[in-house]
Amino acid sequence: QVQLVESGGGLVQAGGSLRLSCAASRSIFSINAMGWYRQAPGKQRESVATITSGGSTNYADSVKGRFTISRDNAKNTVNLQMNSLKPEDTAVYYCNAKLVITPTLSTYNYWGQGTQVTVSS
């Protein structure tokens with residue numbers, strides 16, 4: 001069981017930057033992977049960036065070169081630095097945590113409440 005709280009969303013102009021943070025209720029050493037997802041109005045939720053406990057990262061093609069995901073194990077947080085923001089980045093951004101239970105290899109996903117990111121033209 002993991003509780004996630006996102007912060008850092010807001011309103012920015014195109015070309016601006018925002019830094020999102022996700023605070024986990026437990027040590028992220030025990031979380032196999034964490035990531036950021038977003039859902040724009042009228043669209044399906046999509047993966048933006050993920051990072052595993054081993055440090056491997058993956059980005060959506062639409063954000064490569066602009067977004068950077070990182071983790072701070074000491075603070076149990078995962079961050080998403082978003083630069084060169086575009087209006088198409090406007091969405092609610094959700095933090096995700098994935099746990100794999102080793103005895104059965106069962107996978108569990110947990111979600112934060114979401115934080116709004118709005119990029120104006």
Side-chain angles (χ1 to χ4, degrees):
Q1 294 73 30
V2 181
Q3 292 182 342
L4 304 171
V5 179
E6 303 101 329
S7 62
L11 174 64
V12 299
Q13 294 184 352
S17 299
L18 282 175
R19 185 176 179 85
L20 305 182
S21 294
C22 173
S25 62
R26 61 185 291 178
S27 173
I28 60 176
F29 283 114
S30 63
I31 302 176
N32 299 96
M34 298 188 70
W36 288 94
Y37 295 71
R38 67 186 181 188
Q39 186 167 21
K43 298 183 179 180
Q44 296 184 356
R45 186 175 299 183
E46 64 174 346
S47 175
V48 177
T50 60
I51 185 168
T52 68
S53 59
S56 298
T57 59
N58 189 48
Y59 298 91
D61 290 339
S62 60
V63 306
K64 287 182 178 178
R66 300 189 298 121
F67 291 9
T68 302
I69 189 170
S70 62
R71 66 184 183 187
D72 187 334
N73 293 335
K75 297 182 178 180
N76 292 333
T77 60
V78 173
N79 303 308
L80 184 68
Q81 179 66 46
M82 305 185 295
N83 298 325
S84 301
L85 284 163
K86 305 174 181 179
E88 64 192 79
D89 295 319
T90 296
V92 176
Y93 284 70
Y94 297 91
C95 182
N96 168 264
K98 179 182 295 182
L99 269 64
V100 178
I101 308 302
T102 55
T104 61
L105 296 181
S106 300
T107 300
Y108 298 89
N109 283 286
Y110 301 89
W111 299 91
Q113 83 285 358
T115 184
Q116 177 70 48
V117 172
T118 302
V119 184
S120 62
S121 301

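These numbers come from the heavy atoms of this one structure, side chains and all, not from hydrogens, waters or symmetry mates. This is a predicted model, so every value here is computed, not measured.
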Within-4.5 Å side-chain heavy-atom neighbours: [X] and [Y]:
X	Y	result
V2	L99	yes
M82	V117	yes
L20	T115	yes

K43: what forms a side chain to side chain donor-acceptor pair (under 3.5 Å) with it, not counting sequence neighbours?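 For K43, no residue satisfies side chain to side chain donor-acceptor pair (under 3.5 Å) once neighbours in sequence are set aside.
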Mind checking salt bridge (Lys or Arg N to Asp or Glu O under 4.0 Å) for R26 and listing every partner two or more places apart, or none if nothing turns up?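 For R26, no residue satisfies salt bridge (Lys or Arg N to Asp or Glu O under 4.0 Å) once neighbours in sequence are set aside.
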Quick test of your reading of the model: are D61 and K64 salt-bridged, counting only N-O distances below 4.0 Å?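 Salt bridge flag = yes for K64 with D61.
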What ring-ring contact (aromatic ring centres under 6.0 Å, His included) pairs are there with at least one residue in residues 76-121, not counting sequence neighbours?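 Residue pairs with at least one partner in residues 76-121: Y37-W111.
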Has the side chain of R71 got a donor or acceptor atom that lies under 3.5 Å from a matching backbone atom of M34?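 Not a single qualifying donor-acceptor pair exists.
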Got a sec, which residues hit side chain to side chain contact (heavy atoms under 4.5 Å, CB included) with [X], two or more places apart in sequence or on another chain?
X	answer
T77	A23, D72, K75, N79
S62	R38, A60
T104	I101, S106
Q3	S25

Any salt bridge (Lys or Arg N to Asp or Glu O under 4.0 Å) pairs touching residues 112-121, not counting sequence neighbours?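 Those involving residues 112-121 do not exist here.
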Hey, could you give me each pair passing salt bridge (Lys or Arg N to Asp or Glu O under 4.0 Å) that has a residue in residues 92-112? Not counting sequence neighbours.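 As it turns out, there is no salt bridge (Lys or Arg N to Asp or Glu O under 4.0 Å) pair with a partner in residues 92-112 once direct neighbours are skipped.
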In the hydrophobic cluster built from side-chain contacts under 4.5 Å, what are the other members alongside V100?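 Once heavy-atom contacts under 4.5 Å are chained together, V100 belongs with L105.
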For the atom pair [atom1] ([X]) and [atom2] ([Y]), what is the distance rounded to the nearest 0.5 Å?
X	Y	atom1	atom2	result
T50	N58	OG1	CG	4.5 Å
W36	E46	CH2	CD	14.5 Å
I51	N32	CD1	CG	13.0 Å

Please tabulate, for the side chains in residues 7-19, all donor-acceptor contacts under 3.5 angstrom to protein atoms that are two or more places apart in sequence or on a different chain.
from, atom 1, to, atom 2, distance (Å)
S17, OG, N83, OD1, 2.9
R19, NH1, Q81, OE1, 3.2

Just checking, any donor-acceptor pair under 3.5 angstrom between side chains of T90 and E88?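 Not at all, the side chains of T90 and E88 share no donor-acceptor pair under 3.5 Å.
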Report the residues that fulfil ring-ring contact (aromatic ring centres under 6.0 Å, His included) with Y59, sequence neighbours left out, ordered by chain and then residue number.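 Counting only residues at least two positions away or on another chain, Y59 forms no ring-ring contact (aromatic ring centres under 6.0 Å, His included).
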Residues D89, R66; criterion side chain to side chain contact (heavy atoms under 4.5 Å, CB included); working and verdict: CA-CA 11 Å; D89 295 319; R66 300 189 298 121; 2.8 Å; yes
